[in-house]
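Okay, so here's the structure we're looking at.
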Amino acid sequence: MSDPSAQPLATASALAAASARAGELRRLAAQVEALRLLDLHRWAGDEVWIGPVAWQCREQLLAHRRLLLFAADGLRAAARRVEQGALGP
Amino acid sequence: MMLAYDPLRLASLLVQMRGAIESARRMHSGDPMAADALRAVRRAVGAVEHTWAPVVRSILAGDPLAAGVEVLRLDADGVRAFATRLAGLDHEQLLDDAERMGELAAMFQMLDAHPALARDLADDLDGWVALCDQLAHTYNLLLDDSPTAAVAAARARLVGALAAVVGDDLWRLDLLTPYAAALLVPHLDLRGVQLAEVAHGIVARWCDDMHSSLQAPLPADVVLPLLLTDPVACTEYVRLAGAQPATLFQASSDAEVVHRVVLTATDPARVDAAQAGELLVPLFEWYADGNRPLEYTAVDDPQWRLLLADALTPWLLHLSPLDGTWALAVDDKRRYLQLLVADDASLARLVADTEAVRAGLTRSLLRDGVVDQRAFAALIGMVSELTIHRRYADEQARAEGHTLLMTAITTVATLPLSTAGGLVVGAGAEVVGGFAPFDPARAARDEEYVQTYSRVLIGAAYLHALYGHWQREGTLPAGVPPPPMPDPDAEWPMGDFHRRLEGWLHTLPGGAAGARGQQVVAVVGPWVNAVDVGEEAGRG
C-alpha cells in the first residue's frame with residue numbers, strides 16, 4: 001500500500017518545476033519583445049533611403065517583426081500549457 | 001535598385017543592425033518549447049546579417065556619383081551631382097513612364113525633408129530649371145496624348161515634387177520659361193494677392209515675348225483658371241493688368257475665362273464704384289486706343305465688346321458727362337461708350353441685360369439715398385446722341401438704343417427723388433409704363449421725336465411722382481389737378497408738354513414762381529439742361 005502523504009509532495013514538486021519553466025518561457029517572450037530587431041524598420045524609413053531595395057528591406061524587417069511578435073505570443077501560450085499540464089486535467 | 005539615400009542616416013541604420021544582431025545572439029534556451037521562437041529570431045538575425053547589412057555596407061562604400069542617374073546621395077556632393085544629371089534625362093520617355101516619374105518624385109520629396117540639402121540644390125538650379133523647362137515643353141506637346149490614369153497621376157505628382165523646390169522663394173519661378181513656371185503654380189498653394197502677383201508676373205513675361213510661341217496651351221491658360229475661385233486674386237490680377245492689358249486680352253486662348261476673371265474682379269458685390277473705375281478704365285482705354293486681341297491666333301476674342309458691355313453694365317452711370325466718380329474727361333467717356341454702342345452685338349447686350357442695367361443704375365444713382373438727376377440726365381443725353389443720332393440710319397441700332405434709354409428711364413422713375421421740399425419716393429414708373437415707348441413708324445422718320453419724347457417721358461414721370469408725394473403729405477390744396485401727361489401723338493412732344501406744364505403750374509399755390517412751382521422746375525429742369533450737356537458730349 002502506498003504512502004498517501006507522498007502524492008501531495010510529488011505534486012508540489014512538479015508544480016514548482018512547471019512554474020519555473022513557465023516563468024522562463026515568459027522571460028524569453030519578454031526578451032523577444034525587447035529585441036532591437038523589432039525596431040529596425042524605424043531606422044530604415046523614407047527619410048533614410050528610398051527605392052525598391054529600400055522598400056523591400058523595410059517590408060522584410062516588418063515581416064520579421066510580425067513573426068517575432070507571434071513567436072513571443074507562442075512562448076506565453078507555451079508557458080500557460082506547462083502550468084495547466086502540471087495542474088492536471 | 002536604390003534611388004536615394006541619406007548617408008548619415010544609412011550609416012545609423014547599419015549601426016542599429018549590428019546592435020540588433022548582437023543582442024539577439026545573446027538569446028538562448030534549452031527548452032524545446034522555445035525552439036520555434038529561437039528559430040524565428042535566428043531567421044531575422046540571418047536576414048539582417050547576411051542580406052541587409054551587406055546591402056547597406058555596399059551602398060555606403062560605393063560611389064553613387066558614378067552610378068546611374070536614379071541614385072541620389074543626400075549630401076552636398078550627391079545633390080550637386082543629382083542636379084547636374086537632371087538635365088540629361090530623356091524627358092519624353094520619362095513622361096510616359098509612371099514608375100520612373102514616381103521614383104523621381106519620391107527623390108524630390110525626400111530632398112524636401114532635408115532643408116539644408118534643398119538649399120544646396122537651390123544653389124545649383126540649372127538642372128532643375130532644365131528639367132522643369134524640358135518637362136513643360138514635353139508636357140505641352142503631350143497634352144493631347146490621352147495618358148493612362150497612372151501616367152497622368154504620376155505626371156501630376158512629379159510636377160508637384162518639382163514645385164516643392166520653389167518653396168517660399170517664388171523668384172525661382174523667374175528662372176523657368178513662363179509655361180514651365182505656370183505649370184508649377186497650381187502646386188504652390190498660393191492665394192489672393194500673392195497668387196495674382198505670381199500669375200501676372202508669369203503671363204507678363206510671356207507677353208513680352210509672345211510672338212515666339214502663340215500656340216496654345218499658354219501660361220495664362222494654366223494660371224487664369226486658378227483665379228476664378230479666388231475673387232481677391234481676380235481683382236488684384238485685373239489691377240495689375242491695368243498697366244499691361246495684354247496680360248488679359250492677348251494672353252489666353254480661353255476668352256471665357258478672361259471674361260469671368262474681369263467680371264469677378266469688378267463684381268459690384270465686392271468693389272465700389274471708385275475701385276471699379278480703377279480696374280476698368282485702363283482696360284477701356286486700351287481698347288479705345290485701338291488695341292485688340294490678336295485675330296486669327298490662339299488669343300483671339302471676337303466677343304471682347306460683349307465683355308466690355310458686361311463689365312460696364314453695373315457702372316453705366318459713371319460714363320455720364322456729369323458724373324465725377326471715375327475722374328475721366330468727357331471725351332474719354334464718349335470714346336468708351338462709343339466702343340459699345342457702335343457695335344450691334346454689344347449694344348444689343350446692353351439692351352438685353354436690362355435687369356443688370358437697372359440694378360447698376362439704381363445702385364449708382366442713389367447717392368446718400370437720393371438720385372443724382374443731373375448725372376443721369378446727362379448720361380441719357382449722351383447715350384441718346386450716340387445710339388439714336390449717330391446711328392440713326394441703322395433701324396436696328398436705333399430701336400435698341402431707344403430700348404436702352406427706356407430701361408434707364410423706367411429705372412430712374414422708380415428711384416427716390418431729392419427736391420427742395422424733401423425726399424420723394426419715386427412713383428413715376430407707371431407714367432412711363434403707361435405709354436407706348438414710342439411710335440416706331442414715327443421714330444423711323446423723325447429722330448428728334450425719339451429723343452425729345454424720351455425726355456418728356458422722364459420729366460413727366462418725376463412730375464407725377466412729386467404730385468403723388470404732395471398728395472400723400474396732404475399738403476396740396478384741393479382743386480389742384482394732376483400734372484399733364486405726355487402726348488406721343490403731339491407734333492412736337494416737348495413743346496406740347498411744356499405748354500401744358502406752364503398752364504398746370506399756374507394751378508399751384510403761388511403759381512410758377514411759388515415754392516411748389518420752383519420745386520417742379522428743379523425736378524424737370526435737369527431733363528432740359530443736363531440732357532443737353534450729355535448730347536453735346538455725345539457729339540464730341
Side-chain angles (χ1 to χ4, degrees), chain A residues 17-86, chain B residues 1-24 26-41 43-48 51-53 55-56 58-59 70-74 99 102-103 105-107 109-114:
Chain A
S19 175
R21 188 180 179 192
E24 182 60 20
L25 288 169
R26 287 197 176 92
R27 185 190 59 77
L28 210 55
Q31 218 176 340
V32 169
E33 286 171 339
L35 283 173
R36 291 167 66 180
L37 282 169
L38 269 64
D39 287 333
L40 274 184
H41 68 283
R42 297 185 198 282
W43 295 82
D46 277 345
E47 73 284 1
V48 179
W49 58 347
I50 57 171
V53 169
W55 298 324
Q56 197 182 341
C57 173
R58 192 156 53 250
E59 283 305 307
Q60 200 169 100
L61 291 175
L62 285 168
H64 282 298
R65 182 177 193 275
R66 284 192 293 274
L67 289 172
L68 289 170
L69 291 174
F70 183 74
D73 287 343
L75 288 168
R76 288 201 176 87
R80 280 195 298 276
R81 283 200 304 278
V82 167
E83 288 170 338
Q84 285 164 357
Chain B
M1 184 172 59
M2 223 281 306
L3 290 174
Y5 66 98
D6 178 338
L8 293 178
R9 288 178 176 173
L10 202 60
S12 294
L13 172 61
L14 187 59
V15 170
Q16 291 300 321
M17 284 176 166
R18 286 174 181 150
I21 291 166
E22 289 304 313
S23 63
R26 286 197 288 270
M27 279 195 68
H28 59 86
S29 173
D31 192 327
M33 296 187 86
D36 286 348
L38 290 178
R39 253 193 309 276
V41 172
R43 275 199 297 270
V45 167
V48 172
T51 303
W52 299 114
V55 166
V56 171
S58 72
I59 291 170
E70 289 81 3
V71 178
L72 162 63
R73 191 178 69 196
L74 285 167
E99 190 179 345
E103 291 168 356
M107 292 163 85
Q109 282 162 354
M110 192 174 181
L111 195 56
D112 201 33
H114 294 74

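Residue numbers start from 1 in every chain, and the chains themselves are labelled A, B, ... in the order their sequence lines are given, proteins ahead of strands. Hydrogens, waters and symmetry mates play no part in the numbers below; they use all other heavy atoms, side chains included.
The line from CZ of B/Arg26 to CD of A/Gln31 is 9.0 Å long, rounded to the nearest 0.5 Å. The CG atom of A/Leu67 sits 12.5 Å away from atom CZ of B/Arg39, with the distance rounded to the nearest 0.5 Å. Summarising the geometry, atom CZ belonging to A/Arg81 is positioned 4.0 Å from atom CE belonging to B/Met33; distances are rounded to the nearest 0.5 Å.
When A/Gly45, A/Ala79, A/Ala29, A/Ala78 are compared by the number of non-hydrogen pairs under 4.5 Å with chain B, A/Ala78 comes out ahead. Across B/Pro7, B/Ser12, B/Gly19, the residue that shares the most heavy-atom pairs under 4.5 angstrom with chain A is B/Gly19. When each of A/Leu38, A/Leu75, A/Asp39 is checked for heavy-atom pairs under 4.5 Å with chain B, A/Leu75 comes out on top. Counting heavy-atom pairs closer than 4.5 Å to chain A, the top residue among B/Asp36, B/Leu74, B/Leu8, B/Asp31 is B/Asp31.
Within the 4.5 Å cutoff, the side chain of B/Trp52 has no heavy atoms near those of the A/Leu40 side chain. Between B/Met107 and A/Ile50, some side-chain heavy-atom pair lies under the 4.5 Å cut-off. Residues A/His64 and B/Val48 fail the side-chain proximity criterion, which asks for heavy atoms closer than 4.5 Å. Within the 4.5 Å cutoff, the side chain of A/Trp49 has heavy atoms near those of the B/Val55 side chain.
Residue pairs meeting the salt bridge (charged side-chain N to carboxylate O under 4.0 Å, His left out) criterion with at least one member in residues 51-69 of chain A, sequence neighbours excluded, are A/Asp46-A/Arg58.
Taking each heavy atom of B/Ala44 and A/Leu37 in turn, the nearest pair found is CB-CD1, 3.9 Å. In terms of heavy atoms, A/Ala71 sits closest to B/Ala40 at CB-CB, 4.2 Å.
For a residue to count as touching a neighbouring chain, one of its non-hydrogen atoms must lie under 4.5 Å from one of that chain's; by this rule A/Glu47 touches chain B with backbone and side chain alike. With a 4.5 angstrom heavy-atom cutoff, A/Leu61 touches chain B only via side-chain atoms. With a threshold of 4.5 angstrom between heavy atoms, A/Leu25 approaches chain B through side-chain atoms but not through N, CA, C or O.
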